[in-house]
Amino acid sequence: MDEDGDLDFLLPPEQVIGPGENGLKTVIEYKFNDEGSKLASARLNKRAIERRSWPKFGDAANEDAGGRLTMVSTEEILMERPRAPGTKADESKAAGDSLSQLSKGGAVLMVCRTCHKKGDHWTSKCPYKDLAAPADVFTDKPPTAETSTVSAAPGTGKAAYVPPSMRAGADRSAGGSDMSRRNDENSVRVTNLSEDTREPDLMELFHPFGAVTRVYVAIDQKTGVSRGFGFVNFVSREDAQRAINKLNGYSYDNLILKVEWATPRPT
DNA sequence: TTTGAGCGG
């Protein structure tokens, strides 16, 4: 109830004096004022006295006049859910928004930061995302003729920075000097797993060959059962190669494992 | 049978 009550624990406790013979009770309470200093105030709860004479109602109707002042209600209160299925769908249609857009979290909020198109796709799904960085990023690093390829961000007319790895003729082969890219290349695909092989099993099987950054087992979302293949990522390409050499054709859970380099999934 | 999931604003 108290908006800025987070420091109230620093204050002295409330004091209640009385009720005296006039039936009045004195309450001394402490508060911070706007400048943050401590204040004490006293109030007389005359109104509480007055409330005692009010007629009782509801569950308290049978209580004595001088009995409990408050009751815990057992009444059920049903909350309205404006977005509950089937309640407002018709209105949404009437408003002209397609349901598919609504299900993506609201058409208005979905504005691509790369091409600035509204309601069509997220930034990560932008068809131009490999072509141009978001127009409002890298403004402190204007592209220069020697170090970058300049292309136009569609619809903006602005030149956009293209990172070296994205430029035409960039070396995308494995094991180069490009550290950020190399990690993806150390991904090993494992197939012909038994269906009760899980990620900890893969970790146990592969980590003796070197540092493993990630293991993954494909799980059927409907049945929860393994789809029989997975991926293991190694820090070092050499370790991954040794694991392939040793574990490809290895008998595991009565099945012959197939272990080979994974090629990046098409996006 | 067999090349991963879904978030995010």
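Letters go in sequence order (proteins before strands), and every chain restarts at 1.
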Does A:Thr123 make a side-chain donor-acceptor contact with the base of B:dG8, cut-off 3.5 Å?
no
What's the CG-C1' distance between A:Asp220 and B:dT2, to the nearest Å?
12 Å
Just how far, in rounded Å, is P of B:dG8 from CG of A:Asp120?
20 Å
If you compare all heavy atoms of A:Phe234 against all heavy atoms of A:Asp239, which two are closest, and at what distance to 0.1 Å?
CD2-CB, 3.9 Å
Taking 5.5 Å and 30° as the limits, would you call A:Phe229 and the base of B:dG4 a stacked pair?
no
Of the nucleotides B:dT2, B:dG4, B:dG8, which one has an atom closest to the side chain of A:Asn192?
B:dT2
It should be established whether A:Gln221 places a side-chain nitrogen or oxygen under 4.0 Å from OP1 or OP2 of nucleotide B:dG6.
yes
When you measure from the side-chain N and O atoms of A:Arg214 to the phosphate of B:dA5, is any distance below 4.0 Å, counting only OP1 and OP2?
no
Value rounded to 0.5 Å, distance of OG in A:Ser236 from CG in A:Asn186:
6.5 Å
Which atom pairs, one a donor and one an acceptor, fall under 3.5 Å between side chains of residues 248-259 of chain A and the rest of the protein, sequence neighbours left out?
unit_1: A:Asn248; atom_1: OD1; unit_2: A:Val259; atom_2: N; d: 2.9
unit_1: A:Asp253; atom_1: OD2; unit_2: A:Ser194; atom_2: OG; d: 2.7

For atom CG of A:Asp253 and atom C1' of B:dT2, their distance in whole Å:
16 Å
Look at A:Asp201 together with A:Arg198 and state whether they make a salt bridge at an N to O cut-off of under 4.0 Å.
no
Tell me the interatomic distance from A:Ile256, atom CD1, to B:dT1, atom C1', rounded to whole angstroms.
17 Å
Mind calculating the distance between CE (A:Met110) and C1' (B:dG9) to the nearest angstrom?
11 Å
Tell me: CZ of A:Arg227 to C1' of B:dT1, nearest whole Å?
10 Å
For A:Leu193 and A:Ile219, take the nucleotide of DNA chain B holding the closest heavy atom to each; which residue's nucleotide lies nearer the 5' end?
A:Leu193
Hey, can you tell me if A:Phe206 and A:Phe209 have their rings parallel, tilted or perpendicular (30° and 60° cut-offs)?
tilted
Would A:Phe231 count as stacking on B:dG4 if stacking means ring centres less than 5.5 angstrom apart and planes tilted under 30 degrees?
yes
Using the closest heavy atom to pick a nucleotide of DNA chain B for each, name whichever of A:Ser124 or A:Ala218 lands nearer the 5' end.
A:Ala218
Side chain of A:Val111, heavy atoms from C-beta onward: which of B:dG9, B:dG4, B:dT2 has the nearest atom to it?
B:dG9
Specify the separation, in whole Å, of atom NZ of A:Lys222 and atom C1' of B:dA5.
14 Å
Atom-to-atom span, CG of A:Leu202 to P of B:dG4 - whole angstrom
15 Å
